[in-house]
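Below, chain A is the first sequence line, B the second, and so on; all start at residue 1.
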There are 2 protein chains.
Amino acid sequence: MKTSAGAPPVRQTTAGPAPKPDGTAERGAEAYLKLRNEIVSGRFHPNERLVEADLARLLGAGRNAIRAALVRLDQEGLVVLEPNRGARVRLVSDREALEIEEVRVILEQMIIRHAALRVTAADLRDLRRSLSEMRERLRQGNPLGYSELNAEFHQRIWTIADHGTAGRLLANLKSQSIRFQFRTILRPGRTERSLQEHEQIVEALASRDPDASEAAMRQHLSQVVQTLQWAIDVQRHQPIWLPR
Amino acid sequence: MKTSAGAPPVRQTTAGPAPKPDGTAERGAEAYLKLRNEIVSGRFHPNERLVEADLARLLGAGRNAIRAALVRLDQEGLVVLEPNRGARVRLVSDREALEIEEVRVILEQMIIRHAALRVTAADLRDLRRSLSEMRERLRQGNPLGYSELNAEFHQRIWTIADHGTAGRLLANLKSQSIRFQFRTILRPGRTERSLQEHEQIVEALASRDPDASEAAMRQHLSQVVQTLQWAIDVQRHQPIWLPR
DNA sequence: GTTTATCCGATTGTCGACAATATTAGGCAT
DNA sequence: ATGCCTAATATTGTCGACAATCGGATAAAC
């Protein structure tokens, strides 16, 4: 298939449609972010082949932007790149998912200690607002929205802790296990419990006690790990993926 | 400077000079590994500009291999890539070095728990052999060789633990802080103490006790962090870098 | 003397073309 | 039908050329 047959040359020159509002524009950043989003949102199956030409057409980018994006995603662990054989969406095994979660647990524990030492009154206000919003969504029976807020809640803690290194690693790990994440959320009765745990976390933070905060976080995350284990056991026989 | 002036075209075609003995050959792997090695071994100063054409000539690779390598290194955190302004060796601040070390500590603690549960008699034999070699080098007054063995020792533990995710992250962190590492080693009297700590670690592993192993590792690494802090304080006034 | 404007060389970004390699499809014998 | 060889196609890898952009130097203006 000759790629340059019918499509217009996609314009490489000035006037990019998205003028990069943020300052952190890396090499091939637009394509990278788009592609990454497609992957973590489950639009591609694991092991699905990622053909450069197709992606270029799909994302409206040049082939070498795609190429750079794929290299980056490979390094990040979201795709796997084999020489002369292209890229595939990386399949994270059950075992690896547990490994990831395990690392995530200890990183979050470490991070919340920092947060406990640095949290301000304004931070606590924000956290409590997050909490009440979560309660709201839960009452509305909106587990999907709850899951989003959950992620936001944890990210807020990362921000408070202001630990760049750990934050980066956590973001990376989270993106790798996200397909498992969305399954865990669906565990019946999990959300109410999760909410309580979150409340305890905020309380511990409010008292600015690192040990208590870490304990609350550990409690919360051990629940998550357990749920993940459960999800793996259950769905081993019936693996499902997000609808396209 | 016209790059293609005097140098021979470096041959793109068949018969790669290094036939890739290992299976994990990613995109632009040769250039990536070489360049990475140059950086972590301190051949480039922090903030030094990395000009693609120069690197291509230096490493005997094409410009786009270099380009891919730079993207990978950027994602890895060893270089920083700014749009239209090329790549520079990333400077890790003192604070960041401490952050990295902090994460490293908890990851190593986690990993050694796994190791304690999986260690075999053969593993213990290897570890003890490492130990005696370290003692040897120390007696010879060879701190540089000792440092190498030190790294090998820790890597051996990662191998025993068989925790791919944590191992990957640790390798990454280590490469980022390596320039600080080499300074820490030089602390007078540090090596003997380090050796003792290593011996305690092996003992704890031999008893297959996760808690004791973790404690021994924590003790060891807290020392390392302290030394790093000391090195930072001392050398703040007189920053030195590896000779080229 | 300091600031501002303009130019020039150096460097990065992108494309198109082609070579090298993998993957598929079809034909043939068993 | 099944397996194997060969040809056709699809896809990745690499280069060279050129456009876009940056940084510094020089010149002009105040």
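Judged as a salt bridge (Lys or Arg N to Asp or Glu O under 4.0 Å), and not counting sequence neighbours, the contacts of A:Glu99 are A:Arg95. The salt bridge (Lys or Arg N to Asp or Glu O under 4.0 Å) search around B:Asp74 returns A:Arg72, not counting sequence neighbours. By the side chain to side chain contact (heavy atoms under 4.5 Å, CB included) test, B:Ala65 pairs with B:Ala31, B:Ala61, sequence neighbours left out. Remark: B:Arg129 engages B:Arg125, B:Asp126 in a side chain to side chain contact (heavy atoms under 4.5 Å, CB included) (not counting sequence neighbours). Contacts of B:His154 classified as ring-ring contact (aromatic ring centres under 6.0 Å, His included), with partners at least two apart in sequence or in another chain: B:His198, B:His220.
The distance between atom CZ of A:Arg88 and atom P of D:dT11, rounded to the nearest whole Å, is 12 Å. The CG atom of A:Asp74 sits 15 Å away from the C1' atom of D:dT12 (whole-angstrom rounding). Put simply, CG on B:Asn64 is 17 Å from P on C:dA19, counting in whole angstrom units. Distance CZ (B:Arg63) to P (D:dA17): 12 Å, rounded to an integer number of Å. The nearest whole Å value for the distance from the CD atom in B:Glu82 to the C1' atom in C:dG13 is 15 Å. Protein atom CG of B:Leu55 is 11 Å distant from nucleotide atom P of C:dT11, rounded to whole Å. Put simply, CG on B:Leu81 is 16 Å from P on C:dT11, counting in whole angstrom units.
Residue contacts shown for A:Leu70 are absent, as no nucleic acid heavy atom lies under 4.0 Å away.
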For nucleotides 22-24 of chain D, tabulate all protein N/O to nucleotide N/O atom pairs closer than 3.5 Å, reporting atom names and distance.
{"unit_1": "D:dG23", "atom_1": "OP1", "unit_2": "B:Arg85", "atom_2": "NE", "d": "3.0"}
{"unit_1": "D:dG23", "atom_1": "OP1", "unit_2": "B:Arg85", "atom_2": "NH2", "d": "2.6"}

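Phosphate proximity of C:dG13 to B:Arg67: present, with a side-chain N or O under 4.0 Å from OP1 or OP2. Residue B:Arg27 places no side-chain N or O under 4.0 Å from the OP1 or OP2 atom of D:dT12.
Ionic pairing of B:Arg137 and B:Glu152 is not present here: no N-O contact between side-chain nitrogen and carboxylate oxygen is shorter than 4.0 angstrom.
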